Amino acid sequence: MRVTMWGFAVEVDDRRIDCAADSLRNQLVEYERGERREFDVDVRFPDSFTGDVMRVMASIPYGETRTYGEVAAELDSHAVAVGQACGRNPVPLVVPCHRVVGAGSLGGFSAAGGVDLKRALLDRERGAVQTGLDRFD
C-alpha cells in the first residue's frame, strides 16, 4: 500500500499486517495528524534477523530513539547489520525504523524522502512529546 506522509510517498507492505486496509490507512492518517502514537495492528515479523530488529524497533516508544549500536548490543550483533535490517523493514511507520539513528547522525532511511522524511517524523514525534501536544495543525 502506498501512503503519502507530509508529501512523501511511503510503501507499507500491508501483507505483513493483520488489519483491514481501510483501518490501516485511517490509523496512518491519524498518525500524520498527530492524533495517534501507536498502531492498533498485528505485524507478522519475518523469521529472520530482520524480524528480530523489527521487534526491537517496535518497542521504541513514540518520541524516543535508539542508536544502531544500542539495537545491535541488544541483539548481540553489529550496528551495520542493524542498519541493513532497518532498510529492509517492509512496514515503515508502523514499525518505526525512523527511530533508529546513528551515534552522531540521523543515519539513513530507505523510504522515499530518505533522511528528510526521517527528520520530519522525528521532529514531529519529539515536538509532541516535549510540548505535550497530541495534534499538529
Side-chain angles (χ1 to χ4, degrees):
M1 143 185 327
R2 180 177 291 251
V3 296
T4 302
M5 304 294 278
W6 299 286
F8 297 101
V10 179
E11 288 291 331
V12 176
D13 185 352
D14 55 343
R15 297 171 299 179
R16 289 257 171 218
I17 298 172
D18 288 327
C19 175
D22 287 344
S23 175
L24 178 59
R25 280 191 191 280
N26 288 337
Q27 290 184 53
L28 287 163
V29 167
E30 291 168 356
Y31 171 80
E32 183 180 27
R33 290 181 185 155
E35 299 167 354
R36 174 176 292 277
R37 292 182 178 207
E38 297 177 3
F39 293 93
D40 186 21
V41 300
D42 289 322
V43 176
R44 287 190 299 273
F45 297 103
D47 291 326
S48 63
F49 180 71
T50 297
D52 295 341
V53 172
M54 289 174 65
R55 283 181 188 86
V56 173
M57 290 187 294
S59 73
I60 302 171
Y62 182 95
E64 295 184 19
T65 59
R66 302 291 181 274
T67 66
Y68 297 106
E70 289 171 331
V71 174
E74 187 171 333
L75 297 172
D76 195 28
S77 184
H78 299 281
V80 171
V82 168
Q84 292 169 340
C86 289
R88 291 188 297 269
N89 177 12
V91 289
L93 307 174
V94 176
V95 173
C97 48
H98 62 277
R99 295 181 190 154
V100 183
V101 298
S105 71
L106 283 180
F109 195 57
S110 62
V115 175
D116 290 336
L117 176 56
K118 184 174 189 173
R119 183 176 291 110
L121 292 165
L122 291 173
D123 287 348
R124 294 253 179 180
E125 289 186 8
R126 287 178 180 151
V129 169
Q130 290 172 359
T131 62
L133 294 176
D134 289 330
R135 179 178 169 84
F136 293 93
D137 292 315

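Remember, predicted model here, so these are calculated numbers, not experimental data.
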Nearest heavy-atom contact between Arg55 and Pro46 is NH1-O, 4.0 Å
Check the orientation of Tyr31 and Trp6. Use parallel for under 30°, tilted for 30 to 60°, and perpendicular for over 60°. perpendicular
Please say whether more than 12 non-hydrogen atoms of neighbouring residues, nucleotides or ligands are located less than 6.0 Å from CD in Glu38. no
Check: Pro61 main-chain N/O paired with Glu64 side-chain donor or acceptor under 3.5 Å: no
Apply side chain to side chain contact (heavy atoms under 4.5 Å, CB included) to residues Asp42 and Ile17 and explain how you reach the verdict. CA-CA 6 Å; Asp42 289 322; Ile17 298 172; over 6 Å; no
Hey, what do you get for CZ (Arg36) to OH (Tyr62), rounding to the nearest 0.5 Å? 11.5 Å
Hey, can you pull the donor-acceptor pairs under 3.5 Å for the side chains in residues 75-93, sequence neighbours left out?
residue: Arg88; atom: NE; partner: Thr50; partner atom: OG1; Å: 2.9
residue: Arg88; atom: NH2; partner: Thr50; partner atom: OG1; Å: 3.1
residue: Asn89; atom: OD1; partner: Val91; partner atom: N; Å: 3.0
residue: Asn89; atom: ND2; partner: Val95; partner atom: O; Å: 2.8

With the threshold set at 4.0 Å, does a side-chain nitrogen-carboxylate oxygen contact exist between Glu74 and Arg66? no
For Ile60 and Thr65, what are the C-alpha separation, side-chain angles and deciding distance, and is it a side chain to side chain contact (heavy atoms under 4.5 Å, CB included)? CA-CA 7 Å; Ile60 302 171; Thr65 59; 5.7 Å; no
Considering only heavy atoms from C-beta outward, does the side chain of Asp18 approach that of Val43 to under 4.5 Å? no
Measure the shortest side-chain to side-chain distance between Thr4 and Val10 over non-hydrogen atoms and say whether it is less than 4.5 angstrom. no
Nearest 0.5 Å please: distance from the CD atom of Glu30 over to the CG atom of Asn26. 6.5 Å
Are the side chain of Ser59 and the backbone of Val56 linked by a donor-acceptor contact shorter than 3.5 Å? yes
Residues that, via side-chain heavy atoms closer than 4.5 angstrom, fall in one hydrophobic cluster with Leu106: Val101, Val115, Leu122
Determine the sole option in Asp116, Val100, Leu121 for which the side chain to side chain contact (heavy atoms under 4.5 Å, CB included) test with Phe109 is passed. Leu121
Closest heavy-atom pair and its distance - Glu125, Arg99: OE1-NE, 2.8 Å
Should Met1 and Val41 be regarded as members of a common hydrophobic cluster, given that ILVMFWY residues are connected when their side-chain heavy atoms come within less than 4.5 Å of each other, either directly or indirectly? yes
Can you measure from NZ (Lys118) to NE2 (His98) and round to the nearest 0.5 angstrom? 9.0 Å
Roughly how far apart are Arg124 CZ and Met5 CE, rounded to 0.5 Å? 9.5 Å
Check whether any side-chain heavy atom of Cys19 lies under 4.5 Å from a side-chain heavy atom of Arg25, and answer yes or no. no
